[in-house]
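Some notes on the structure that comes next.
Everything numeric here is computed off the predicted structure, so don't read it as measured data. The first residue in the sequence is number 1, and the count goes up from there.
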Amino acid sequence: MTHTTGSAPDAPEGVDTEKPSAARMYDWYLGGDQNWAVDREFGRRVEAIFPLIKEVARQNRQFLGRVVRAALDAGFRQFLDIGSGVPTVGNVHEVVAENLPEGEEATVVYVDYEPVAAAHATLLLERHGATGWAAMVQEDLRNPENIFRDPTTRRLIDFRKPVCLLMVAVFQFVGDDDHPVDLVERYRRELAPGSWLALSHLACDEASPADQAAIREFVDAYVHTSNPAWLRDRSEVEPLFGDWPLIEPGLTHLPDWRPDRAPNPLEAKARPFWWCGVAEKPGR
Ligand SMILES: C[S@@+](CC[C@H](N)C(=O)[O-])C[C@H]1O[C@@H](n2cnc3c(N)ncnc32)[C@H](O)[C@@H]1O
C-alpha cells in the first residue's frame with residue numbers, strides 16, 4: 001500500500017519521510033526520483049562537505065555493471081544482490097538481460113531493508129515483466145539466515161550451484177558491533193565452491209589529508225540519518241573476503257577493477273575513496 005506526499009514519489013506505508021535514508025539519498029546522488037525533500041536536503045549538505053559524492057556513487061554502479069558482465073562471461077547464472085538500493089539505471093537484472101547469451105536463463109534476487117527500495121524494485125520488476133526470474137526480498141542483511149530461508153530466495157537460487165554474491169557500497173553501513181567479518185562469513189559458508197563475492201567499501205586511507213578530513217566530516221553527517229556510516233581502511237576491508245582468494249586484479253580502487261576505459265579527471269580524483277574486489281570460493 002502507498003500514499004503520496006505532495007510531488008514526492010509514492011511512499012510505502014510506514015516509511016519515515018521525515019528522516020533521510022541512505023537508499024533514497026543514494027538514489028538522489030545517481031539522478032533518480034525516488035527521494036523526498038528531506039533526502040535531497042541532506043544529500044546537498046553531504047555534497048557541500050564532499051563534492052565527489054555523486055561521482056563515487058556512479059563509480060560503484062559502474063563497478064557493479066562490470067562485475068555482473070564478468071560473472072556472466074565466467075558462466076554465472078545466479079545473482080544475489082545484498083543492499084541493492086532503490087533501483088536505478090544499470091540494475092543487475094538489466095545488465096543480465098542485456099548480456100545473457102541468447103537462449104540462456106539467469107535469476108536475480110535483490111535484498112534491501114528499506115521499504116522504498118523494496119517497493120520500487122518490485123514495481124520495476126513487474127513493469128519489466130521480469131518477476132519470473134528476478135525478485136526483491138525485503139530483509140535486514142544482518143539476518144542472513146532469513147534471506148537464505150526466504151521462499152523467494154529459494155524459488156530463484158539453487159545454492160548447490162555457484163552464486164555471484166554482490167555487496168556493493170553497503171558494508172560501510174554495518175558497524176563494528178555487528179561484526180562485519182563474521183557476518184560476511186555467514187553468507188560465504190552457504191555458497192557453493194566457485195561462487196563469487198563482489199564487495200566495495202568506503203575508505204580514505206590513500207586520500208590526501210584534506211580529503212580525509214572531508215570524508216570524515218561526511219561520515220559524521222550520516223549519524224543523523226537512518227544509516228550511520230563507517231570508514232574502513234584496506235587492512236579492515238581485506239578480511240571481509242575471508243579465505244576466498246581475490247581474482248584479478250585483486251583489491252583495487254573502483255576505476256581500477258577491470259576498467260573498460262581510462263578514467264576522466266573527475267573519476268581519477270574520486271579514485272581513493274573506495275576499495276573493491278571480487279573473490280572466488282575455492283574447491284570447485
Ligand atoms: C549506498 S546504497 C548501495 C546500493 C547498491 N548496492 C549500489 O551499489 O548501487 C546502500 C544500500 O544498502 C541498504 N542497507 C544498508 N544497511 C542495510 C541492512 N542492514 N540491511 C539491508 N540493506 C541495508 C540501504 O538501504 C541502501 O539501499
When you measure from the side chain of Asn143 to the backbone of Glu139, do you find a donor-acceptor pair of N or O atoms at a distance under 3.5 Å?
no

Run the side-chain contact (heavy atoms from CB on, under 4.5 Å) test on Arg232 and Asp176 for me, step by step, so that the C-alpha distance in whole Å, both residues' side-chain angles and the decisive distance to 0.1 Å come before the verdict.
CA-CA 10 Å; Arg232 293 193 175 92; Asp176 289 345; 2.9 Å; yes

What is the minimum heavy-atom distance between Ser84 and Met136, and which atoms define it?
OG-CE, 3.9 Å

Roughly how far, to the nearest 0.5 Å, is CZ of Arg234 from CD of Glu236?
13.0 Å

Can we say Glu41 and Arg45 salt-bridge, meaning some charged N sits less than 4.0 Å from an Asp/Glu carboxylate O?
no

So, the side chain of Glu267 versus the backbone of Gln59: is there a donor-acceptor pair under 3.5 Å, distance only?
no

Are any non-hydrogen side-chain atoms of Lys19 and Val38 less than 4.5 angstrom apart?
no

Pair Arg40, Asn35: side-chain N/O donor-acceptor within cut-off below 3.5 Å:
yes

Exercise: do Trp196 and Glu280 side chains pair donor with acceptor under 3.5 Å:
yes

Check the angle between the aromatic planes of Tyr110 and His93 and answer parallel, tilted or perpendicular using the 30° and 60° thresholds.
perpendicular

Considering all heavy atoms of both residues, which atom of Gly175 and which atom of Pro180 are nearest to each other, and what is their separation?
O-CD, 3.5 Å

Indicate yes or no for a side-chain donor-acceptor contact from Asn99 to the backbone of Val95 under 3.5 Å, with no hydrogens or angles considered.
yes

Roughly how far apart are Asp112 CG and Ile82 CD1, rounded to 0.5 Å?
9.5 Å

For residues Glu114 and Ser21, is any side-chain donor paired with an opposing acceptor at under 3.5 Å?
yes

Check: Val168 and Phe63 side chains under 4.5 Å, non-hydrogen atoms:
yes

A side-chain contact here means heavy atoms from C-beta on lying under 4.5 Å apart; do Asn91 and Arg61 qualify?
yes

Is it the case that Asn227 and Tyr113 place a side-chain donor and acceptor less than 3.5 Å from each other?
yes

Does any non-hydrogen side-chain atom of Val116 lie less than 4.5 Å from one of Trp36?
yes

Working to the nearest 0.5 Å, report the span between OH of Tyr222 and CD of Gln172.
8.5 Å

Looking only at non-hydrogen atoms, find the nearest pair between Val181 and Pro239 and report the distance.
CG1-O, 3.9 Å

Determine which pairs satisfy salt bridge (Lys or Arg N to Asp or Glu O under 4.0 Å) with at least one residue from residues 75-100, sequence neighbours left out, and list them in order.
Arg77-Glu104

Are Val163 and Phe148 joined in one hydrophobic group, where the rule is that I, L, V, M, F, W and Y side chains link up if heavy atoms are under 4.5 Å apart?
yes

Sub-3.5 Å donor-acceptor pair from the side chain of Thr122 to the main-chain atoms of Ala118, do we have one?
yes

Ile49 and Val219: same hydrophobic cluster, using ILVMFWY side-chain contacts below 4.5 Å?
yes

Given side chains that start at C-beta, do those of Phe273 and Phe50 come closer than 4.5 Å, heavy atoms only?
yes

Out of curiosity, does Phe218 fall in the hydrophobic cluster containing Leu266 (side-chain heavy atoms, cut-off under 4.5 Å, transitive links)?
yes

So, do Val68 and Leu166 sit near enough that their side-chain heavy atoms are less than 4.5 Å apart?
yes

Can you name the residues that form a side-chain hydrogen bond (donor to acceptor under 3.5 Å, both in side chains) with Asp178, not counting sequence neighbours?
Arg142

Would you check if Val184 and Met167 make a side-chain contact, meaning some heavy-atom pair closer than 4.5 Å?
yes

Is Leu125 reachable from Val137 through a run of hydrophobic residues whose side-chain heavy atoms are each under 4.5 Å from the next?
no

Starting at CZ of Phe159, measure out to OG of Ser195 and round the result to the nearest 0.5 Å.
9.0 Å

Nearest-0.5 Å distance that lies between atom SG in Cys276 and atom CG in Leu64
11.0 Å

What salt bridge (Lys or Arg N to Asp or Glu O under 4.0 Å) pairs are there with at least one residue in residues 185-199, not counting sequence neighbours?
Glu145-Arg186, Glu185-Arg188

If you take the centroid of each ring, where Trp contributes its six-membered ring, are His253 and Trp275 closer together than 6.0 Å?
yes

Is a side-chain N or O of Thr225 found less than 3.5 angstrom from the main chain of Pro20, in a donor-acceptor match?
no

Gln212 side chain to Cys204 backbone, donor-acceptor under 3.5 Å:
yes

Inter-residue atom distance Phe42.CZ - Arg44.CZ, 0.5 Å rounding:
13.0 Å

Closest non-hydrogen atoms of Leu240 and Leu197, given as atom of the first, atom of the second and distance, are O-CD2, 3.8 Å

Would you call Glu55 and Arg271 a salt bridge, using N to O less than 4.0 angstrom?
no

Got Val89 and Leu30 here, is their nearest side-chain heavy-atom distance under 4.5 Å?
no

Ion pair check, Arg69 and Asp260, cut-off under 4.0 Å
yes

Do you know the tightest heavy-atom contact between Trp274 and Leu202?
NE1-N, 3.3 Å

Nearest heavy atoms of Phe79 and Ala71, plus distance in Å
CE2-CB, 3.8 Å

On the ring face of Trp28, is Lys54 found with NZ or CZ under 6.0 Å from the centre and within 45° of the axis?
yes

